[in-house]
Enquirer: 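Could you have a look at this structure, given as structure tokens, before my questions?
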Number of protein chains: 2
Amino acid sequence: MDDVFRKIGSQLTLSQKIERRLEEAIREKKLPIGSKLPTERELCASFGVSRTALREALRRLSARGLVKITKGSGMYVTGLKIDDAIRNLDLYYDMQFDQNLIAQIIQVRRLFEPNIAGLAAIQRNQNDLSDLQDNIEKFKLCDPDNIQLEADLDNKFHLTIAKATRNPIVQISMEPIYSLLPRMRSLIYANVEGEKDHTLEYHIKIFNAINEQNETAATEFMAEHLKRTTDIYKKYLHGAFI
Amino acid sequence: MDDVFRKIGSQLTLSQKIERRLEEAIREKKLPIGSKLPTERELCASFGVSRTALREALRRLSARGLVKITKGSGMYVTGLKIDDAIRNLDLYYDMQFDQNLIAQIIQVRRLFEPNIAGLAAIQRNQNDLSDLQDNIEKFKLCDPDNIQLEADLDNKFHLTIAKATRNPIVQISMEPIYSLLPRMRSLIYANVEGEKDHTLEYHIKIFNAINEQNETAATEFMAEHLKRTTDIYKKYLHGAFI
DNA sequence: TCATTGATATTTGTATTACAAATTTATCAA
DNA sequence: TTGATAAATTTGTAATACAAATATCAATGA
């Protein structure tokens, strides 16, 4: 192939180069998490750049959650938090939000969540159980007209199960999806007849299965629950669907 | 409660406030994707801030992939790309990498991938099939001592299946996990007896099932394949495990 | 000795000015 | 219309100055 006309010069700005250098060092733990970076002035001297360029590089890193900057104190390497890791994912889904994404979300939930419930039934601890029970109680008492609260509680119920797997990857994978549920729900203009009853019934069934550490039952009830959700969206969101 | 002594002042820096304002506007599509932002000078005037503060805000946004800045031209709103969305997730997993994470990865794969293969069997197109077939051919020819290449091909095989679901959420969920496989593999000091044969055998089985659009078979073969992987890691990575 | 206070030094945040470098736009000639 | 050139526009970097938050340390008082 002709490499003659390959892209010329990465065209990285100075501050981008600095950003990469520091990111690399953090990644390789040459700059350990929690350690304090040299002051701006010292870094300027080391890198041989102006304070402007250096600061813009550090703003980038701080925006991504790799360093924390405190006025008067200094700049510190911070391990990426889960929230930092998924923030842009949240934003991505949020901006992609449309009927297509809704269909994809439902599909993924049916693909993943039954097994998640099954694993949760094995791994759950006492704390998870009381969280789930609280959630169910609140859901019972929730004003049927308060769609938003209902959606939030529903969302939280499923997130709690995801966390109960004790596998952070499960949580990370599902959390951005769950955070869209309230928005999905709000598209269904009004209450669906019998919807609350169904949700409550299945949340209780799922809870009982998880409580009894019955993996199979938890898996199956979750699958049935999500099947029903699919039907509702199919009905009320007439459009190209799964 | 005494609210008298509650935390005072959000302590957001000026540039952080600017960042949020612009992010909000982009999120709400008041600033549509592709649109050109006013020049730095104009924005400084609008916001009533210095160029320093404004620029640092925009560096933050550009670091996150929300705006693209071109010297001499201007600043443009860009839709978040998938790569932007998962870059920090990759970094997060990369920095978390340890035996625990390996165990969690394997667990998640066993949880999710069988159903993914099942869906892929339904949704796959001709292109996917030839990609998979190519992959298998290369795997056959791959030098058994070239562990890295073998791991890359294995990685790619599974990613291709994830993409074949035609569901980007599946892809986004799995890609950061797959990208860690080569690193995991490198921990197993040498070739595992019969490992390549097994992988090849099951990749072929899975391929055939997907080719024939046999959802059940694809699901089950993938489950068996991953069970075997688990056993290997259990054996060679003696330590606390699933 | 210990805790509190207050002054001082250190460090990051913002503003301003100046110029460099890349791109875009306008101008003009063929 | 096309193409080249010049001018204007726009972002990138540097340097300086000061504000504001924090950290450090000495002095004070019980």
Side-chain angles (χ1 to χ4, degrees), chain A residues 5-23 25-26 31-78 84, chain B residues 5-23 25-26 31-78 84:
Chain A
F5 304 111
R6 71 185 183 282
K7 198 160 47 180
I8 287 186
S10 52
Q11 295 296 40
L12 284 182
T13 66
L14 195 48
S15 65
Q16 283 172 319
K17 289 180 199 166
I18 300 171
E19 179 194 12
R20 294 205 178 180
R21 279 272 281 278
L22 290 172
E23 177 182 348
I26 294 173
L31 293 174
I33 292 172
S35 65
K36 189 175 189 298
L37 290 177
T39 67
E40 290 183 350
R41 291 187 144 63
E42 288 169 331
L43 283 175
C44 289
S46 305
F47 286 129
V49 299
S50 75
R51 212 179 144 211
T52 309
L54 181 82
R55 278 180 61 84
E56 296 195 349
L58 282 155
R59 292 301 98 83
R60 281 203 174 79
L61 292 169
S62 104
R64 295 172 50 200
L66 275 83
V67 304
K68 178 166 168 50
I69 305 177
T70 309
K71 176 154 136 185
S73 174
M75 308 185 287
Y76 304 85
V77 179
T78 62
D84 295 319
Chain B
F5 305 111
R6 72 185 180 281
K7 196 159 50 179
I8 288 185
S10 55
Q11 295 298 40
L12 282 182
T13 67
L14 196 46
S15 66
Q16 283 172 319
K17 289 180 198 164
I18 299 171
E19 179 193 11
R20 294 204 178 180
R21 280 270 281 278
L22 290 172
E23 178 182 348
I26 294 173
L31 294 173
I33 292 173
S35 65
K36 188 176 189 299
L37 290 177
T39 67
E40 290 182 349
R41 291 188 144 64
E42 288 169 332
L43 283 175
C44 289
S46 306
F47 287 130
V49 300
S50 74
R51 215 181 141 208
T52 309
L54 181 82
R55 278 179 62 83
E56 295 196 348
L58 282 155
R59 293 295 139 336
R60 282 205 174 79
L61 292 169
S62 104
R64 294 172 50 199
L66 275 82
V67 305
K68 177 167 168 49
I69 306 176
T70 310
K71 176 155 139 185
S73 175
M75 308 185 287
Y76 305 85
V77 179
T78 62
D84 295 319

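Quick caveat, the model's predicted, so the values are computed rather than measured. In the text below, chain A, chain B and the rest are named by the order of the sequence lines, each starting its count at 1.
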Enquirer: Within the pair Ser15(A) and dT13(D), is there a side-chain N or O less than 4.0 Å away from OP1 or OP2?
Expert: yes

Enquirer: Testing the basics here: between Leu54(A) and Cys44(A), what is the closest heavy-atom pair and its distance to 0.1 Å?
Expert: CD2-SG, 3.8 Å

Enquirer: If the sugar-phosphate is the primed atoms plus P, OP1 and OP2 and the base is the rest, what is the B/S/- string for nucleotides 17-25 of chain D, using protein heavy atoms under 4.0 Å?
Expert: B--BBBS--

Enquirer: Can you list the residues that meet the side-chain hydrogen bond (donor to acceptor under 3.5 Å, both in side chains) rule with Arg21(A), with sequence neighbours excluded?
Expert: none

Enquirer: Between P on dT14(C) and CZ on Phe47(B), what's the gap in Å once rounded to a whole number?
Expert: 14 Å

Enquirer: To the nearest angstrom, how far is Lys17(B) atom NZ from dG13(C) atom C1'?
Expert: 12 Å

Enquirer: Which atom pairs link the protein and nucleotides 3-6 of chain D when you take only N or O atoms and keep those under 3.5 Å?
Expert:
none

Enquirer: Hey, are Arg59(A) and Ser15(B) close enough side-chain-wise for a donor-acceptor pair under 3.5 Å?
Expert: no

Enquirer: For Thr78(B), enumerate each residue passing the side-chain hydrogen bond (donor to acceptor under 3.5 Å, both in side chains) test, keeping only those at least two apart in sequence or located in another chain.
Expert: none

Enquirer: Assign Thr52(A) to base, sugar-phosphate, or nothing according to its heavy-atom contacts below 4.0 angstrom with the strands shown.
Expert: base

Enquirer: Indicate the atoms forming the closest heavy-atom contact of Leu43(B) with Pro38(B), along with that distance.
Expert: CD1-O, 3.7 Å

Enquirer: Nearest whole Å is fine: how far is dT11(C) P from Glu40(A) CD?
Expert: 10 Å

Enquirer: How many Å lie between CG on Leu37(B) and P on dT10(D), as a whole number?
Expert: 13 Å

Enquirer: Using the side-chain hydrogen bond (donor to acceptor under 3.5 Å, both in side chains) criterion, which residues pair with Thr70(B)? Sequence neighbours excluded.
Expert: none

Enquirer: Taking only residues two or more places apart in sequence, or in another chain, which ones meet Arg41(A) in a salt bridge (Lys or Arg N to Asp or Glu O under 4.0 Å)?
Expert: none

Enquirer: Could you give the CG-to-P distance, from Leu43(A) to dT11(C), as a whole number of Å?
Expert: 11 Å

Enquirer: What is the minimum heavy-atom distance between Leu14(A) and Ala53(A), and which atoms define it?
Expert: CD2-CB, 4.3 Å

Enquirer: If you check the Thr13(A) side chain, which of dA15(C), dG13(C), dT13(D) turns out closest?
Expert: dT13(D)

Enquirer: Rounding to an integer number of Å, can you tell me how far Leu54(B) CG sits from dG12(D) C1'?
Expert: 14 Å

Enquirer: Are Ile26(A) and Val67(A) close enough that some pair of their side-chain heavy atoms sits under 4.5 Å apart?
Expert: yes

Enquirer: Which parts of residues 57-65 of chain A get close to DNA chain C, meaning a heavy atom less than 4.0 angstrom away?
Expert: Arg59(A)

Enquirer: Using the test side chain to side chain contact (heavy atoms under 4.5 Å, CB included), find all partners of Thr52(B) that sit at least two apart in sequence or belong to another chain.
Expert: Ser50(B), Glu56(B)

Enquirer: Considering the terminal five base pairs at each end of the helix from dT1(C)-dA30(D) to dA30(C)-dT1(D), what angle separates the two local helix axes, rounded to 10°?
Expert: 10°

Enquirer: Got a sec, which pairs hit salt bridge (charged side-chain N to carboxylate O under 4.0 Å, His left out) with one end in residues 61-70 of chain B, sequence neighbours left out?
Expert: Glu19(B)-Arg64(B), Glu23(B)-Arg64(B)

Enquirer: Where the side chain of Arg55(B) is concerned, which of dG13(C), dA14(D), dG12(D) is the nearest nucleotide?
Expert: dG12(D)

Enquirer: Roughly how many Å is it from CG in Leu14(B) to P in dT16(C), rounded to a whole number?
Expert: 12 Å

Enquirer: Given atom CG of Leu12(A) and atom P of dA22(C), what is their separation to the nearest angstrom?
Expert: 14 Å

Enquirer: Who passes side-chain hydrogen bond (donor to acceptor under 3.5 Å, both in side chains) against Ser73(B), sequence neighbours left out?
Expert: Tyr76(B)

Enquirer: Do Ser50(A) side-chain and dA15(D) base share a donor-acceptor contact under 3.5 Å?
Expert: no

Enquirer: Could you list the residues that satisfy side chain to side chain contact (heavy atoms under 4.5 Å, CB included) with Ala25(A), not counting sequence neighbours?
Expert: Lys30(A), Leu31(A)

Enquirer: Leu58(B) versus Leu37(B): any side-chain heavy-atom pair under 4.5 Å?
Expert: yes

